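Written out below as structure tokens is the structure these notes cover.
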Amino acid sequence: MTTVRTRIAPSPTGDPHVGTAYIALFNYCFARQHGGQFILRIEDTDQVRSNRKSEDDILSALKWLHLDWDEGPDKGGPHGPYRQSERSAIYQTHVSKLLEEGNAFHCFCTAERLDEVRKQQMADKQQPGYDGHCLHLPADQLREKLAANIPHVIRMKVPREGKCVVHDMLREPVEIDWAQVDMQVLMKSDGLPTYHLANVVDDHLMQITHVIRGEEWINSAPKHLLLYQYFGWRAPVLCHMPLLRNADRSKLSKRKNPTSIGYYQKMGYLPEAVINYLGMMGWSMPDGTEMFSVQDMIDNFDIKRVSLGGPVFDTEKLDWLNGRYLRESISDVEFIQRFTEWAFDREKLHAIVPLIKPRVERFSDVVNLAGFFLSGVPAITAESFNHKQLSPEDSLRILQFTAWKLESIEAWHRDRIEQALAALAGLLDIRIRDFLFPVFIAIAGTAVSTSVIDSMAIVGLDMTRARLRHAMVVLGGVSGKQSKKLEKEYQQLFALSQEADDGQ
RNA sequence: GUCCCCAUCGUCUAGAGGCCCAGGACACCGGGUUUUCAUCCCGGCAACGGGGGUUCGAAACCCCCUGGGGACGCCA
């Protein structure tokens, strides 16, 4: 019997996501239950979006949750490297094999042409997909184009008829017509593989036996299965988990919910409570126990007990659960220790102290001055936003625009934040002083406070986002209609500034 | 638009044909304990989306409808 091996394969393109932790948890439990191994692999083949900071954050978030892996980029293992960007040569040789055996082909189509094709197909009520333009390129033409160094990708060949049956641990076999499956790009023009290729190659080479992943992958499973077949490999067992949802049942997103694991850490949730809560999403203990540890979960684990209705990630129950952990499962001594570690984070204090030191006369001033760095969302009301120049609508607009603007910052650094907000205030033609007022209220709860720019830099993007959102709710919230209107206004603002730039 | 998945209280769920006029938990509402509040305890509210079958019997099985979600990128 072969050893069960599962993996979590996050892409380091942003804050560590609770969805990653969720999928990791189920992979972890499944592996542990079977005495197998759990592997961490970093899928950083997107050169543009991947970054090391995000990778580090993901690793520490998973460590915080005690979802430890047996092999991974930080600890190595027999099937490394565990970072896809370091495996280029492996993908190259595999893609060459596909090419040689006629299971893949070079494609020189431009993005513009493909866009056109897709548009036309949509208009004709067809399933959009590659039209096979470069599929039968004559050998001499191919040689010519390659010699001329024309940018190209490599696509996989996909049968045009018949159907693929996808077996899944949690549902009936899923039948998908091959005609529905696109001739997926396997290797991008930058020479790096796409998810589909890298994933299959790595899962095989890393001897992954069970792939437990989000339901969003079901439709691309045929591509993966076909690749296993092309390579002559045995495919792992597939299992597609339900997706975590926002309150409106759409796929969990940072726009509608705090999704960053860091946010929950900063809010003072205990990792065991967060894990316990994630374990309750789509799964339950056989005896109905609600408070359970990962070990309890492993001891009673049965993947078949996963229910497929997408669970709403509603933190009310998490709050209750976290409260129980805090008051029932840890001693006073442990409470003191863990609270202290949480509150008096050395690094954070080093950032905070220079801001408050000029403003204190006694240590007793510190709590009032720096309390908001630790508190979740400040206690504010609509009245907190009263201002002689700004109406509540103005404040709402500023907060929403600020939230959007901050999303586009490439590095979370005080100078970048300052620059972004100054630009925004300029475009809105509001004095920076006035512009910053509602931001102060949202972040610090009061305008009598340390620099809000530095404060945001310290509390982080996830917490900033949560506080801005809370402030908007306090101000009456933004309806779908308003949001659309604001979005339009926001885009126009930047379109205008773009024109001005072009004119220079 | 095309394809795929899903469907029990507001939310998380139990339920693998009779134990279910559906059980637990959160939230909410009452009551008790507490100098207050919280905790804690007790009680209440509240669901099988609709329609057809199959069966002696259906929340459970089948079909249709409806609803929700996802996928359709040189992103993962």
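Since this is a predicted model, take the numbers as computed values, not measurements. Quick note on labels: first sequence line is chain A, next is B, and so on, each numbered from 1.
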Polar side chain donor-acceptor pair, D462(A) to S260(A), under 3.5 angstrom: yes
Atom-pair distance (CD1 on I218(A); P on U2(B)), nearest Å: 20 Å
Separation of the C1' atoms in G18(B) and C41(B), to the nearest angstrom: 36 Å
Any N/O donor-acceptor pair, K317(A) side-chain to A27(B) base, under 3.5 Å: no
Short N-O contact, K63(A) and D74(A), less than 4.0 angstrom: yes
ring-ring contact (aromatic ring centres under 6.0 Å, His included) partners of Y277(A), counting only residues at least two apart: F313(A)
Pairwise C1' distance for A46(B) and G30(B), with rounding to whole Å: 15 Å
Nucleotide opposite U2(B) in a Watson-Crick or G-U pair, distances under 3.5 Å: A71(B)
Sugar-phosphate, base or nothing in reach of R213(A), heavy atoms under 4.0 Å: nothing
Touch class at under 4.0 angstrom, heavy-atom based, for Q121(A) against every strand present: nothing
P-based separation of C28(B) from C6(B) [nearest Å]: 34 Å
Interatomic distance where CG belongs to L252(A) and P belongs to C12(B) [whole Å]: 13 Å
Full working for side-chain hydrogen bond (donor to acceptor under 3.5 Å, both in side chains) between D299(A) and Q295(A): CA-CA 6 Å; D299(A) 293 342; Q295(A) 192 54 51; 2.9 Å; yes
Separation between the C1' atoms of G15(B) and U2(B), rounded to whole Å: 36 Å
Of the listed nucleotides A25(B), C5(B), A27(B), the one nearest the side chain of E290(A): A25(B)
Residue list, side chain to side chain contact (heavy atoms under 4.5 Å, CB included) with V165(A), at least two apart or on another chain: H167(A), P173(A), E175(A)
Contact state string [nucleotides 59-76 of chain B, B base, S sugar-phosphate only, - no protein heavy atom under 4.0 Å]: ---------SSBSBSBBB
Whole-angstrom distance between G23(B) and G50(B), as gauged at atom C1': 25 Å
Separation of A7(B) P from L170(A) CG (nearest whole Å): 11 Å
Distance below 4.0 Å between R327(A) side-chain N/O and C40(B) OP1 or OP2: yes
Whole-angstrom distance between G68(B) and U11(B), as gauged at atom P: 14 Å
D319(A) CG - U11(B) C1' separation (whole Å): 13 Å
H240(A) versus E215(A), closest heavy-atom pair with distance: CB-CA, 3.9 Å
R324(A) CZ to A38(B) C1', straight-line distance once rounded to whole Å: 16 Å
Interatomic distance where CG belongs to D177(A) and P belongs to C3(B) [whole Å]: 9 Å
C5(B) and C40(B), which share atom name P, separated by this distance in whole Å: 44 Å
G-U wobble or Watson-Crick pairing nucleotide for C61(B) (cut-off 3.5 Å, both distances): G53(B)
Separation between the P atoms of G17(B) and A60(B), rounded to whole Å: 12 Å
Between Y325(A) and N276(A), a side-chain donor and acceptor under 3.5 Å: yes
Sidechain N-carboxylate O distance under 4.0 Å for R255(A), E407(A): no
Ion pair check, D57(A) and K53(A), cut-off under 4.0 Å: yes
Interatomic distance, I275(A) CD1 vs C12(B) C1' [rounded to whole Å]: 17 Å
Pairing partner of A7(B) (Watson-Crick or G-U wobble, both distances under 3.5 Å): U66(B)
Euclidean distance, atom CH2 of residue W283(A) to atom P of A25(B) [Å, nearest integer]: 18 Å
First encountered from the 5' end of RNA chain B, between W320(A) and E172(A): E172(A)
Sugar-phosphate only, base, or nothing, as touched by G309(A) at under 4.0 Å among non-hydrogen atoms: sugar-phosphate
